[in-house]
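Taking it in order: structure first as structure tokens, then the write-up.
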Amino acid sequence: MSQRRRETKTPHSDALLAWYDRHRRRLPWRLAPGEPADPYRTWLSEIMLQQTTVAAAGPYFEAFVARWPTVEALAEAPLEEVLSEWAGLGYYARARNLHACAQVVATDLGGAFPDDEAGLLKLPGVGPYTAGAIAAIAFNRQAAAVDGNVERVIARVYGIDAPMPHAKAEIRLRTQALVPADRPGDFAQALMDLGATLCTPKRPACALCPWDDACVAHAQGIEESLPVKAAKKDRPLRRGAAFWAERGNGTVLIEKRPPKGLLGGMDGVWLTPLGRDVDPAEARAHAPFKERWHRVAGEVEHVFTHFRLRLTVFTATDVTSFAAPGTRWVARSDLPGVGMPTVMRKAAAHALRALHGPDAEKLVALRRRRART
DNA sequence: CACCCGTGGTC
DNA sequence: TGACCAAGGGT
């Protein structure tokens, strides 16, 4: 209390919006000034952006709106096609919820998205952040959209040093109090742009920040230490195996995974159970059928959210066994059309390289390139 | 609340 | 190289 502090002003939306008008990012889902909002596109982009970088989501957004321009079109698409189009983007429950949500909107709500936070919050795949973002951006509601960027900006501006996630409630209140009645959608996006481009986790560019004179953390020189987060858990190493089977007619075995859980509903290579560590020497017991399985030299590494996976790859050719339930045979030339998660593509590429040489692995190359920044 | 759920870029 | 983290939601 007797401790002397530098003066800090009050953060105001006007300063942030003025900055946004000059420095906002040009993104595929962002409208030109004056262009009417399309709730479908706003919703689609927000689902894709959950825990996903702008660069990764961009090409997927373009592909989805080109293929399914309306929520009705998306609702009528088979789930398998939606999952295939989503392949590689990760967190596949989002795609399942996306499809379910489209059907709710198209069938139960007459094609119109709810126009307030409470209504949006009831939709599958729409939580507090996404409901606020859609309400503000698509419906001009005075709603807060608190994502990781906003948590960081607000924690710093107000000097909130309570650890996450305990501080979430206070951050939400502070954010809500700042949302202007005018331009709430721009304010939401401005706050996220600020966090993404200036108020970054490390080495924030405070000299360029429209709120530098209002920021408690900056005044105290503790920007980089906020927000306070708990230490992350380490990711244990799990071993497993992938089984790549080919028949003499040029087809390969593809499995559709169970509808929920890790990689739920996705097509790909037959794998040992991912829920536990499987010794490569014991892996053949989990093969889709009894065959002369050949172990491929080398391994495939992949990192999931809560464990690391090291896969040994086994191959069998001229297979005559029947496909097991949940599997089918796909022409090798049709592999580019099979939407496989990245871990599956890695395993498939490893097998194809071993059996057919380095050119063959292009059959399972990632179809989308990263967006230009 | 704690845990589950993908992937790629960055420093 | 590896730890961090990205427009989080479901259970």
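Per chain, numbering begins at 1; letters A, B, ... match sequence-line order. As the structure is a computational prediction, the values presented were derived from the model and not from experiment. Reckoned from all heavy atoms, side chains included, excluding hydrogens, waters and symmetry mates.
Only the C1' atoms considered, dA7(C) is 23 Å distant from dA2(B), to the nearest whole Å. Going from the C1' atom of dG8(B) to that of dG10(C) covers 24 Å, rounded to whole Å.
Between Lys346(A) and Phe307(A), the residue whose closest nucleotide on DNA chain B is further toward the 5' end is Phe307(A). For the pair Ala231(A) and Gly195(A), both in contact range of DNA chain C, the more 5′-proximal nearest nucleotide belongs to Ala231(A).
Counting any heavy atom pair closer than 4.0 Å across all strands shown, Ile47(A) reaches no nucleic acid atom. Trp43(A) comes within contact range of no nucleotide atom at all, as no heavy-atom separation falls under 4.0 Å. Nucleic acid contact class of Arg96(A) (heavy atoms, under 4.0 Å, all strands): none. Note on Leu98(A): nothing from the nucleic acid sits closer than 4.0 angstrom, heavy atoms only. Heavy atoms of Gly88(A) sit under 4.0 angstrom from primed sugar atoms or phosphate atoms, though from no base atom.
Between Arg152(A) atom CZ and dC5(C) atom P the separation is 9 Å, expressed in whole Å. Rounded to a whole Å, the CD atom of Glu301(A) is 10 Å from the P atom of dG2(C). Between the CZ atom of Arg238(A) and the C1' atom of dC4(B) there is a distance of 11 Å, given to the nearest Å. We find that CE of Met164(A) is positioned 16 Å from P of dC4(C), with the value rounded to whole Å. Here the P atom of nucleotide dA7(C) and the CG atom of Leu191(A) are 12 Å apart, to the nearest Å. For the pair Phe61(A) CZ and dA7(C) P, the computed distance is 17 Å after rounding to whole Å. Note: CG (Leu263(A)) to P (dC5(B)) measures 9 Å, nearest angstrom. As rounded to whole Å, 11 Å separates atom P of dG6(B) from atom CG of Leu89(A).
One distance of note links NE2 of His302(A) with CZ of Arg345(A); it measures 12.5 Å at 0.5 Å rounding. Here the straight-line distance linking atom OG1 of Thr315(A) with atom NE2 of His356(A) works out to 9.0 Å at 0.5 Å rounding.
Side-chain N/O atoms of Lys232(A) include none lying less than 4.0 angstrom from OP1 or OP2 on dC5(C). Neither OP1 nor OP2 of dC3(B) sits under 4.0 Å from any side-chain N or O of His306(A). Under 4.0 angstrom from either OP1 or OP2 of dC5(C) there lies no side-chain N or O belonging to Thr53(A).
Residues passing the side-chain hydrogen bond (donor to acceptor under 3.5 Å, both in side chains) test with Tyr40(A), sequence neighbours excluded: none.
Using a 30° and 60° split on the angle between ring planes, Trp211(A) and Phe187(A) fall in the tilted class, from 30° to 60°.
Other residues sharing the hydrophobic cluster of Leu173(A), ordered by chain and number and joined by side-chain separations under 4.5 Å: none, the residue standing alone.
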Hey, what are the protein-to-nucleotides 8-11 of chain C N/O distances that come in under 3.5 Å?
| unit_1 | atom_1 | unit_2 | atom_2 | d |
| --- | --- | --- | --- | --- |
| dG8(C) | OP1 | Gly148(A) | N | 3.2 |
| dG8(C) | OP2 | Gln51(A) | N | 2.9 |
| dG8(C) | OP2 | Gln51(A) | NE2 | 3.4 |
| dG8(C) | O5' | Gln51(A) | N | 3.3 |
| dG9(C) | OP1 | Gly127(A) | N | 2.9 |
| dG9(C) | OP1 | Gly127(A) | O | 3.4 |
| dG9(C) | OP1 | Thr130(A) | N | 2.9 |
| dG9(C) | OP1 | Thr130(A) | OG1 | 2.6 |
| dG9(C) | OP2 | Tyr129(A) | N | 3.3 |
| dG10(C) | OP1 | Gly125(A) | N | 2.6 |

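Inspection of the Gln50(A) and Arg94(A) side chains reveals no N or O donor paired with an N or O acceptor under 3.5 Å.
For Arg25(A) and dA7(C), a side-chain-to-base donor-acceptor distance below 3.5 Å is present, hydrogens and geometry of angles not being considered.
Identified under the ring-ring contact (aromatic ring centres under 6.0 Å, His included) test for residues 135-177 of chain A, with sequence neighbours left out: none. Applying the salt bridge (charged side-chain N to carboxylate O under 4.0 Å, His left out) test to every pair with at least one member in residues 143-169 of chain A, sequence neighbours left out, gives these pairs: Glu151(A)-Lys168(A).
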Using side chain to side chain contact (heavy atoms under 4.5 Å, CB included), reason through Arg172(A) and Arg174(A) one step at a time and then give a plain yes or no.
CA-CA 5 Å; Arg172(A) 167 160 275 281; Arg174(A) 291 291 198 182; over 6 Å; no
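The minimum heavy-atom distance linking Phe243(A) with Ala241(A) is given by the pair CE1-CB, 4.1 Å.
A salt bridge does not link Arg238(A) with Asp277(A): every distance from a Lys NZ or Arg NE/NH1/NH2 to an Asp or Glu carboxylate oxygen is 4.0 Å or more.
For the contact set between residues 171-187 of chain A and DNA chain C, defined by any heavy atom under 4.0 Å, there are no members.
Among the nucleotides dG6(B), dA7(C), dC3(B), the one closest to any side-chain atom of Lys233(A) is dC3(B).
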